[in-house]
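Chain identifiers are assigned alphabetically (A, B, ...) following the order of the sequence lines, protein sequences preceding nucleic acid strands; residue numbering begins at 1 within each chain. Side-chain atoms are counted along with the backbone in the values below, which use heavy atoms only and exclude waters and symmetry mates.
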Amino acid sequence: MKNQEPTQLETRYGEPKLRRYHQAKWDEPVIFELTCPGERGILVPEVQEGIRNTAGDVRAALPEKMRRKAPPALPELSQLRVLRHYLRLSQENLGVDLNIDVGQGTCTMKYSPKINDQFARSSKMADLHPLQDEDTVQGILEIMYRFELILKEISGMDQFSLQPAAGSAAIYTNVSIIRAYHHARGDTSRNEIITTIFSHPSNAACARTAGFKIITLHPDENGYPDLSSLKAVISDRTAGLLITNPEDTGIFNPRIEEFVRAIHEAGGLCSYDQANANGVLGITRARAAGFDLCHFNLHKTFSSPHGCGGPAVGATGVSSELARFLPVPVVEFNGLKYHLNYDRPDSIGKVGPFYGVAPVVLRSYAWVMALGARGLREVAEIAVLNNNYLLKKMLAIPGVSAPFAKGKRRIEQVRYSWEELTKETGIHSEEIGLRAADFGVHYWTSHHPYVVPEPCTLEPTESYSKEDLDEYVAILRHVAEEARHNPELVKTAPHNATIHTINHSPLDDPARWAMTWRAYLKKKRET
Amino acid sequence: MKDERPTVYPYIPNSVPEVKARMLKDVGAASAEDFYESVPEKLRIKGRMNLPDPLLSECTLKRHVEGILARNKTAGEHLSFLGAGCWQHHVPAVCDEVNQRSEFLTAYAGEPYDDHGRFQTLFEYTSMMGELLNMDVVNVPTYDGFQATATALRMAARITGRCEVLVARTLSEGKLSKIRDYLKPDLKIRLIDYDRLSGHVSRNALQTAISSETAAVYFENPSYLGSIEVAGDEIARTAHDHGAISVVGVNPMSLGVLTPPADYGADIVCGDIQPLGMHMQFGGGQAGFIATRDEEKYVMEFPSRLFGITSTRVAGEYGFGDVAYERTSFALREKGKEWVGTAAALWGITAGVYLALMGPQGMVEIGEGIMSRSRYAMLEMSKINGIQTPFFHSPHFGEFVASFDDTGKTVADINRGLLERGIFGGKDLSGEFPELGESALYSVTEVHTKEDIDRLATALKEVCA
């Protein structure tokens, strides 16, 4: 296949030059193929004679059926070979630090400052056991307490829990609290949760897991559901509303307060999914619109790195009325000492071990402290400026549209549609993304279902410069032109990534799928 | 007004006033206010939020944060015998080297193309866990062992179509609390008592409780209290005889020496991988695994992502991707299995590095070393006047219960005395297991030397006296 280099379409005057990118390709085998019997990656401390003499042969003392017969068939590699294998694989992974990562709209990762990693990795953080005497962990408890104060000021909520281990875990926690609230009032008949199609799928999924029936509202031409469509589904079975605002489209629902009021009037509670609060920091608070609960993803809005998908924290905030239901323990301060309070009889209990992912909280605290109130406001304003700048540039690409709320400003992201280009060229959004990968950037379509046809969701956050945004748009403009002039090149992408088009069919076939190397070898032998 | 001088923020490139002005002009906006026209005035924050003054320079920030952290006293600076779900093990330097790589640390949701490395490392992680567990299907990590257990029980309920689970009581209060919250809508939990002498699951209690309503029988091995359940095969058989699923929680660190639960009949195995290369981080190093046989009826009930290996259009090239994606909430929202989202992937990659470094021999040696040291500690402590080790005659892995009833002191008293001597004593069990009296759970790992344990024994003699 010809191409790889963007030669046939020279860059326009004033636009960035497209990169002649190629991702690392080490052709790295699966680690089991690298095994060399006898090699050791690390040695473990030997059992001292005094211990062995007293303890005896502990394996021999095990009942026969509990003694493992053969060592686990793990690979055997010397230390450098393990390191080299993983470093090669790291080079075959893009990561936010290396690309203009605006393509993961709704969840675009922002820059995660390196100094905060130093804090998270310091012995004073890394080597704390969660059950140490409180006197020995006053530092980390102080960080947690201070950070909760910050979140209260940002959201207007009265109390927080940092225990949920990610955004979805926080949504589940909030739904659990909603259930506990109704049950505490003796009301066990409320079994419906209302959400919107442009709220994160976990709002629907977590509430369903918690046993609720899900009612999903769809947008009108403004991009958010009409108040009357909400009122039509509210009843005495309504337990609560889980909603994002702005939704995935980046459109802020200006009638949100009326939504909340309508739910309240029917006796329900309202939970604000603020996983991504990037565009509204210092602008508006969850509590101002009357929300009873909210959550923030610290691994998104508050800059903690995403780690290929966690560890993370979904900080859950509630009104004073709901505070008694929060998970245990909560961090308290008596003016002298920080303390973990477990004595909360109405609590929903534990939603995870210990107190959540403390190093993520630490990073987020440091991030806020580096910015302050003005800085957080700047984060929001620049994120929104970047987004509207990107919107203007994107709409100048023939074949792109931004459905709903035509001509209106957006907050932090936009869900675009390539429908027009697809109709013209037969190239789908997903294919555009795979071709974009050839220029060293990540691109994502959207959450399912594709309400917006041929969608892509871009969110620039505050982390990317004007030049970065120009480059990203230039890549998509170039790919769109390729779709017209050389569609085969786009259809067969990626060309410059580590690997080529994947054969997907075995991944959905029980006879051929293999989620471990051992399963793969077995199935290969069988065929 | 000094305060109003525009700050150029190093994390915000377009905070440069000239750039901002040019971009505003480009989009035809007078100021950022224009973008917020849809946010009603009533909802707007008036003025500035009340937050601490920023520490704009990295140098100042570092002093501030390190100043607070300095108030922590670490398990490294002290001698710690705390475990109870988060264990102090040596973390190989290579684990840290790999998980601090920007490419892994900052990646999120790349495609199997731009993030080939993420897919391969996580596939390798599940593959190495598969060897350790002797099972063919392992998930991309969920949040933690609590979530893994709660989900394993929900999976069992969906597979059997039944709504009661039997849970051996020798698990932590916290995990039980999580399970209760998670199963609350539609599943019943019955606790199965344990034998006071051995710490083992009471077979009588199990026989009495099990019925045709039972979806799952869950126990941990080693149990939360440290003893090794030796009748796993019989418990599994009892479960199977009643059409129930055997779910076993296991500490993966034990599997170089202990029989993997699949070999004594477990259908779903779950647990936490924190011991495999994660620093304790005040509880921030937890990550959960769930493993099953490669049977469609099990696979299709996983909520988590499952990464599979496949080919590409280039001969000899491996590709990786999501297996049976259509079961997930990403694909189906509320019609998916529970939910999936960001969880603890970086710890999965790290555990893979750990297992690759340790190899088969390393896992055997570390398991044996932990058992030897904990046995030694148990023997030495049981020699001390007033200290009993309740399940003395059962084999243990890494942890054991020490009872201080005969000293007339509370665990809180004992631990205060130990802390004065620079030692973190075992986890106080008096609230969780009142029937064990003033008892504590002691954890001993490969990091402890004979001298450490002897120092503990000497300190305990003083404190108990």
Side-chain angles (χ1 to χ4, degrees), chain A residues 41-42 44 47-48 50-51 55 58 71-73 76 86 89-90 92-97 124 126-130 136 138-139 165-166 168 201 204-205 208-209 211 214 252 284 288 305-310 349-350 354 357-358 372-373 381 384 409 462 465 497-498 500 502 510 516-517 519, chain B residues 12-13 32 35 38 43 48-49 51 54 69 71-74 76 82 98 101-103 106-108 113-114 116-118 127 130-132 136 143 174 177-178 185 230 279 282-284 296 311-314 319 329 333-334 338-339 341-346 357 359-360 366 371-372 375-376 450:
Chain A
I42 192 161
V44 297
V47 179
Q48 292 154 284
I51 289 179
V58 287
E76 295 173 78
Y86 279 96
L89 291 177
S90 79
E92 294 180 341
N93 211 58
L94 195 48
V96 168
D97 283 350
K124 288 289 189 183
D127 297 330
L128 297 182
H129 190 283
T136 67
Q138 286 293 300
S168 302
R208 178 71 199 101
T209 307
I214 308 304
F252 192 91
T284 182
H306 217 120
C308 287
K350 299 289 293 176
F354 312 116
V357 186
E381 290 189 359
V384 175
R409 305 288 191 188
E462 77 284 6
S465 73
T498 300
H500 301 81
I502 284 168
T516 51
W517 183 246
Chain B
I12 313 178
F35 306 127
S38 55
L43 302 187
R48 196 173 290 163
M49 291 189 290
L51 293 176
L69 289 179
R71 300 180 61 200
N72 293 330
K73 299 177 174 66
T74 71
L82 287 165
V98 171
R101 293 283 297 194
S102 268
E103 297 90 333
T106 68
Y108 174 24
Y113 302 99
D114 36 23
H116 178 71
R118 170 170 67 105
S127 296
E131 295 302 335
L132 203 56
D136 284 352
Y143 307 123
S177 170
K178 161 75 187 190
V230 294
H279 295 278
F282 204 47
E296 193 176 354
S311 55
T312 77
R313 67 177 162 83
V314 171
S329 64
R333 293 174 69 92
E334 71 270 23
E338 301 170 43
W339 74 81
T342 291
L346 192 65
L357 287 166
I366 200 167
M371 283 183 74
S372 301
R375 186 71 191 165
Y376 175 78
K450 178 175 181 297

Exercise. Could you tell me which of G76(B), S372(B), G359(B) has the largest number of non-hydrogen atom pairs under 4.5 Å with chain A?
Key: S372(B)
Quiz item: Where is the tightest heavy-atom contact between F354(A) and F282(B), given as atom of each residue plus distance?
Solution: CB-O, 4.4 Å
Practice problem: Please determine, among L94(A), T498(A), V384(A), the option with the most heavy-atom pairs under 4.5 Å with chain B. | Solution: L94(A)
Self-check item: Per-residue contact mode, A373(A) against chain B (heavy atom under 4.5 angstrom)
Solution: both
Exercise. Output the option from T136(A), V96(A), I42(A) having the highest count of non-hydrogen pairs under 4.5 Å with chain B.
Key: T136(A)
Quiz prompt | S329(B): side-chain contact (heavy atoms from CB on, under 4.5 Å) partners, not counting sequence neighbours | solution = A205(A), W339(B), V340(B)
Exercise. Pick one of side chain, backbone, both or neither for R118(B), based on which atoms fall under 4.5 Å of a heavy atom in chain A.
Key: both
Quiz item: Are I502(A) and Y113(B) close enough that some pair of their side-chain heavy atoms sits under 4.5 Å apart?
Solution: yes
Practice problem: Report the option among S465(A), A519(A), G211(A), P71(A) that has the most heavy-atom pairs separated by less than 4.5 Å from atoms of chain B. | Solution: S465(A)
Quiz item: Based on non-hydrogen pairs under 4.5 Å, which of D136(B), L51(B), L132(B), L346(B) is most in contact with chain A?
Solution: D136(B)
Quiz item: Which residue out of V314(B), I366(B), I12(B), V98(B) racks up the most heavy-atom pairs below 4.5 Å with chain A?
Solution: I12(B)
Quiz item: Which atom pair, heavy atoms only, marks the closest approach of W517(A) to S127(B)?
Solution: N-OG, 2.7 Å
Quiz item: Taking all non-hydrogen atoms of both residues, which atom of P54(B) and which atom of G372(A) are closest, and how far apart?
Solution: CB-N, 3.6 Å
Quiz item: So which heavy atom on T342(B) is nearest to which on G310(A), and how close?
Solution: CG2-N, 3.5 Å
Quiz prompt | Pick from G307(A), G41(A), G95(A), P305(A) with the largest number of heavy-atom pairs that fall under 4.5 Å of chain B | solution = G307(A)
Quiz item: So which of P510(A), A73(A), G309(A) has the largest heavy-atom pair count under 4.5 angstrom toward chain B?
Solution: G309(A)
Self-check item: Top contributor to chain A interface from E296(B), K450(B), R375(B) [non-hydrogen pairs under 4.5 Å]
Solution: K450(B)
Exercise. Could I get the full list of side chain to side chain donor-acceptor pair (under 3.5 Å) partners for D97(A), not counting sequence neighbours?
Key: K114(A), S102(B)
Quiz item: Given a strict heavy-atom distance threshold of 4.5 Å, which part of V230(B) is in contact with chain A: side chain, backbone, both, or neither?
Solution: both
Quiz item: Rounded to the nearest 0.5 Å, what separation is found between the CZ atom of F252(A) and the CG atom of L43(B)?
Solution: 5.5 Å
Quiz item: Can you tell which of A32(B), S177(B), G319(B) has the highest number of heavy-atom pairs within less than 4.5 Å of chain A?
Solution: S177(B)
Exercise. Rounded to the nearest 0.5 Å, what's the gap from CZ on R101(B) to CG on L89(A)? Could you check?
Key: 11.0 Å
Quiz item: Just wondering, do E76(A) and P360(B) contact through their side chains at under 4.5 Å, heavy atoms?
Solution: yes
Quiz item: Should T106(B) and H306(A) count as side-chain neighbours, where that means a heavy-atom distance under 4.5 Å?
Solution: no
Practice problem: Can you measure from SG (C308(A)) to CD (E103(B)) and round to the nearest 0.5 angstrom? | Solution: 10.0 Å
Quiz item: In terms of heavy-atom pairs under 4.5 Å with chain B, which of A288(A), A497(A), G349(A) leads?
Solution: A288(A)
Exercise. Considering non-hydrogen atoms only, spot the tightest contact between A55(A) and Y376(B) and give its length.
Key: CB-N, 4.1 Å
Exercise. State whether the side chain of E334(B) and the backbone N or O of I214(A) hold a donor-acceptor pair below 3.5 Å, judged by distance alone.
Key: no
Quiz item: How long is the span from the CG atom in D114(B) to the CD atom in E92(A), to the nearest 0.5 Å?
Solution: 12.5 Å
Quiz item: Do you know which two heavy atoms are closest between T74(B) and K124(A), and how far apart they sit?
Solution: CG2-CA, 3.8 Å
Quiz item: Tell me, do D127(A) and H279(B) make a side-chain contact under 4.5 Å, heavy atoms counted?
Solution: yes
